[in-house]
Amino acid sequence: YRHIFRIPVDLRHEVEQELKRLQMGQQELPVITGFCKKVSIEQYEEQKRATSQGHLIDLLGTIVRDENMTSKMKKQKLKLFQKSYPELYIQHFPGPPAAKRNRARSS
């Protein structure tokens, strides 16, 4: 278990340097060191899904708002998005309920 509770070498070095500076009377901006926290596979998958969906929704909004894109190009990109990510497309562009769509097709 010693390797688990060992202080990272970089952190130890930074602390030693900061102590030396303080002993010599020098005050500088504090060194900010960040470390990653281990997460479970489930947490990782949820974060990955949420982040990806957020970026895809941003992409969808960018396609819709792009004033430099022709209507034809927008339709092509939206159709491709709908084919690739149907759940997200439906969330952003909710259409009529499935029963109404099926009746409209059979008419």
Side-chain angles (χ1 to χ4, degrees):
Y1 296 103
R2 285 185 177 182
H3 68 281
I4 293 174
F5 297 108
R6 186 174 305 159
I7 298 172
V9 176
D10 291 342
L11 177 60
R12 183 181 306 185
H13 179 71
E14 286 182 29
V15 169
E16 288 171 354
Q17 295 298 319
E18 186 64 25
L19 288 173
K20 285 179 187 175
R21 274 191 227 109
L22 289 173
Q23 288 171 349
M24 294 177 9
Q26 298 175 350
Q27 290 197 351
E28 294 184 16
L29 294 175
V31 177
I32 299 174
T33 303
F35 292 92
C36 296
K37 178 183 173 189
K38 186 174 182 177
V39 296
S40 69
I41 293 173
E42 293 81 17
Q43 289 172 315
Y44 168 77
E45 291 297 330
E46 175 57 27
Q47 290 174 6
K48 180 177 78 169
R49 183 196 61 74
T51 302
S52 295
Q53 282 187 353
H55 289 297
L56 288 168
I57 289 171
D58 288 347
L59 173 64
L60 185 58
T62 300
I63 293 170
V64 170
R65 291 186 306 272
D66 190 342
E67 296 175 358
N68 297 321
M69 195 180 303
T70 65
S71 294
K72 182 178 178 181
M73 182 63 77
K74 282 185 184 186
K75 286 179 185 178
Q76 289 174 345
K77 289 186 182 287
L78 289 172
K79 195 174 262 189
L80 180 60
F81 190 96
Q82 181 182 23
K83 184 178 177 182
S84 301
Y85 308 103
E87 310 85 27
L88 294 177
Y89 186 88
I90 290 171
Q91 285 177 7
H92 199 274
F93 300 109
K100 287 184 179 179
R101 282 194 302 256
N102 290 338
R103 275 189 251 140
R105 288 181 188 161
S106 61
S107 298

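Numbers here are sequence positions counted from 1.
- Residue pairs that meet the ring-ring contact (aromatic ring centres under 6.0 Å, His included) test with at least one member in residues 58-86, sequence neighbours left out, are Phe81-Tyr85.
- Residue Ser52 holds its OG atom at 12.0 Å from CG of Leu59, rounded to the nearest 0.5 Å.
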> side-chain contact (heavy atoms from CB on, under 4.5 Å) between Lys77 and Met69: does it pass, once the steps are laid out?
Replying inline: CA-CA 10 Å; Lys77 289 186 182 287; Met69 195 180 303; 3.6 Å; yes
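- In this structure, the separation between NE2 on His92 and CG on Leu56 is 12.0 Å, given to the nearest 0.5 Å.
- A distance of 9.5 Å separates CD in Gln82 from CZ in Phe93, rounded to the nearest 0.5 Å.
- Here the NZ atom belonging to Lys72 is positioned 6.0 Å from the CD atom belonging to Gln76, to the nearest 0.5 angstrom.
- Atom OG1 of Thr51 is separated from atom CZ of Arg49 by 9.5 Å, given to the nearest 0.5 angstrom.
- Minimum interatomic distance between Arg12 and Ile7 (heavy atoms only, all atoms of both residues): NH2-O, 3.8 Å.
- By the side-chain contact (heavy atoms from CB on, under 4.5 Å) test, Tyr44 is found to be paired with Val39, Lys48, residues two or more places apart in sequence or in another chain being considered.
- Ile90 and Ile57 fall into different hydrophobic clusters, where Ile, Leu, Val, Met, Phe, Trp and Tyr residues are linked whenever their side-chain heavy atoms come under 4.5 Å apart, directly or through other members.
- Minimum heavy-atom separation, Arg65 to Lys74: C-NZ, 4.4 Å.
- When every heavy atom of Leu88 is checked against every heavy atom of Leu60, the shortest pair comes out as O-CD2, 4.4 Å.
- Using modelled atom types, one side-chain atom of Gln43 and one backbone atom of Ser40 make a donor-acceptor pair closer than 3.5 Å.
- Within a 6.0 Å radius of CG in Leu19, more than 12 heavy atoms belonging to other residues, nucleotides or ligands are found.
- Atom CD of residue Gln91 and atom CD of residue Glu87 lie 8.0 Å apart, to the nearest 0.5 angstrom.
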> Are Gln17 and Arg21 close enough, and set up right, to give a side-chain hydrogen bond (donor to acceptor under 3.5 Å, both in side chains), and what steps lead you there?
Replying inline: CA-CA 6 Å; Gln17 295 298 319; Arg21 274 191 227 109; 4.9 Å; no
